[in-house]
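Just so it is clear, the values below take in all heavy atoms, side chains as well, and ignore hydrogens, waters and symmetry mates.
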Amino acid sequence: MPDALTAFGLFSVGAMLLFYALEERSPGFVLAFALASWASAIYAWFAGAWPFTAVELIWGLVALRRFRSRVS
């Protein structure tokens, strides 16, 4: 049984994968991808992987920008 941090990481990265695959269906999935990216950044921070934290934060910002352009 994985510990809580590992389970959170698996959930957040899995959510990123799912929402990335569904992005073309709705702008809401782009926003969900951004949120999942930030959840992955939180996981990476607590796991001690700060480079991944930075990358996931940036991916979340990129996705938020794409979300904004799709709904406007």
Side-chain angles (χ1 to χ4, degrees):
M1 175 69 77
D3 63 12
L5 181 61
T6 302
F8 177 70
L10 180 62
F11 172 77
S12 60
V13 172
M16 281 181 63
L17 177 65
L18 175 66
F19 296 138
Y20 180 77
L22 297 173
E23 279 186 347
E24 294 301 318
R25 295 180 182 222
S26 168
F29 289 120
V30 179
L31 180 60
F33 177 80
L35 296 173
S37 294
W38 292 328
S40 292
I42 292 168
Y43 162 73
W45 178 263
F46 284 113
W50 67 265
F52 290 100
T53 301
V55 170
E56 296 300 340
L57 288 172
I58 293 167
W59 270 119
L61 291 172
V62 169
L64 184 62
R65 184 175 177 176
R66 286 187 303 136
F67 169 74
R68 286 181 164 172
S69 71
R70 287 186 65 181
V71 296
S72 62

Cluster overlap [X] with [Y], hydrophobic side-chain contacts below 4.5 Å:
X: M16; Y: L22; value: yes
X: F52; Y: V55; value: no
X: F29; Y: L31; value: no
X: F8; Y: F46; value: yes

Point to revise | Whether Y20 and F33 hold their rings parallel, tilted or perpendicular, with breakpoints at 30° and 60° | key: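 Judged by the thresholds at 30° and 60°, the geometry between Y20 and F33 is tilted.
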- Query: L35 and W38: side chain to side chain contact (heavy atoms under 4.5 Å, CB included), yes or no, with the steps?
  - Reply: CA-CA 5 Å; L35 296 173; W38 292 328; 3.9 Å; yes
Tell me if the CZ atom of R68 is crowded by more than 12 foreign heavy atoms within 6.0 Å.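 At most 12 heavy atoms, drawn from other residues, nucleotides or ligands, come within 6.0 Å of this atom.
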Minimum heavy-atom separation for [X] to [Y], with atom names?
X: S37; Y: E56; answer: O-CB, 3.4 Å
X: G60; Y: A34; answer: O-CB, 3.5 Å
X: A7; Y: P2; answer: N-CB, 4.4 Å
X: P27; Y: R70; answer: N-NH2, 4.0 Å

State, with a plain yes or no, whether a side-chain heavy atom of L57 is found less than 4.5 Å away from one of L61.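 L57 does not reach L61 side chain to side chain.
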* Asked: Could you state the interatomic distance from CG (L18) to CD (E23), rounded to the nearest 0.5 Å?
  ->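 The CG atom of L18 sits 10.5 Å away from the CD atom of E23.
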>> Walk me through whether L10 and T6 qualify under side chain to side chain contact (heavy atoms under 4.5 Å, CB included).
In response: CA-CA 6 Å; L10 180 62; T6 302; 5.6 Å; no
